[in-house]
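What follows is one structure encoded as structure tokens, with my remarks underneath.
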Amino acid sequence: EPEVTQTPSHQVTQMGQEVILRCVPISNHLYFYWYRQILGQKVEFLVSFYNNEISEKSEIFDDQFSVERPDGSNFTLKIRSTKLEDSAMYFCASSERGRNIQYFGAGTRLSVL
Amino acid sequence: AQSVAQPEDQVNVAEGNPLTVKCTYSVSGNPYLFWYVQYPNRGLQFLLKYITGDNLVKGSYGFEAEFNKSQTSFHLKKPSALVSDSALYFCAVRDMLYGGSQGNLIFGKGTKLSVKP
């Protein structure tokens, strides 16, 4: 069964460093999403991406964040200068169409020290 | 504001007994509702959804959910729980204000289901 894959599973970084979280969505999907889950809190929407541009973003997704689909398979989330409060589990998701089921990856746990 | 509430942090059930995990929602217009399950060290797995039609929706692994418009609820149910059902369960609603055709999800905080033998 096709699945969304995310790498790495765990990323440790120093505050102020840049990190790139990588995702390979399901191959025929057109809509891509990033969510995050701070430990013990809700899963929160960050950004959606379609047709090579951001469709929607939440207030969490500030200028420190960016997304890119550099080729036909990868979808990345970059945090330019990490803060302690960026420590969370980051989930990538994709869907065939915008209103269809979103399929999630296993997540990347980001630890900012 | 649109929101989802899962009033229980944890639900404990004996194996073989029926289980219910509660979810209530607050949205503008007709809700698109979802249940996801998260096993340890795994991503969120889709269980079932309600868009329109029958109020009782059947999903994966024997789970079902009942949409109740008057009570704005979408409780997850299973007639006979298994130990392997132990996991974290998330209710979600599609964001109809910002989602448009993109449809980002608003999640509840999750309910930990523990099924004991």
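Per chain, numbering begins at 1; letters A, B, ... match sequence-line order. The shown structure was predicted, so the numbers you read here are calculated from the model rather than taken from an experiment.
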Let's go through B/R94 and A/Q102 carefully: what are the C-alpha distance in whole Å and the side-chain angles of both, what is the deciding distance for side-chain contact (heavy atoms from CB on, under 4.5 Å) to 0.1 Å, and is it a yes or a no? CA-CA 11 Å; B/R94 193 180 297 289; A/Q102 292 179 26; 3.8 Å; yes
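Residue contact with chain A, scored on non-hydrogen atoms closer than 4.5 Å, involves the side chain of B/Q38 exclusively. B/Y39 does not touch chain A: none of its heavy atoms, backbone or side chain, sits under 4.5 Å away. Using a 4.5 Å cut-off between heavy atoms, A/Q6 makes no contact with chain B at all.
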All N/O donor-acceptor pairs, side-chain side in residues 12-21 of chain B, below 3.5 Å, sequence neighbours left out:
| unit_1 | atom_1 | unit_2 | atom_2 | d |
| --- | --- | --- | --- | --- |
| B/N12 | OD1 | B/Q10 | NE2 | 2.9 |

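By the neighbour-count criterion of 12 heavy atoms within 6.0 Å, atom NZ of B/K109 is densely surrounded, having more than that number from other residues, nucleotides or ligands. For A/L84, the CG atom is densely surrounded, since the number of other residues' heavy atoms within 6.0 Å is greater than 12. The environment of B/D54 atom CG is sparse: at most 12 non-hydrogen atoms of other residues, nucleotides or ligands sit within 6.0 angstrom. The environment of A/N51 atom CG is dense: over 12 non-hydrogen atoms of other residues, nucleotides or ligands sit within 6.0 angstrom.
Cluster note: B/L82 groups with no other residue, as no ILVMFWY side-chain heavy atom lies under 4.5 Å from it.
Here the CG atom belonging to B/L44 is positioned 9.5 Å from the OH atom belonging to A/Y35, to the nearest 0.5 angstrom.
Under the 4.5 Å side-chain criterion, counting only non-hydrogen atoms from C-beta, A/Y31 is not in contact with B/N104.
Side-chain N or O atoms of B/Y36 include none that pairs as donor or acceptor with a backbone N or O of A/F104 at under 3.5 Å.
Looking at every heavy atom in both residues, B/L105 comes nearest to A/F45 through O-CB, 4.0 Å.
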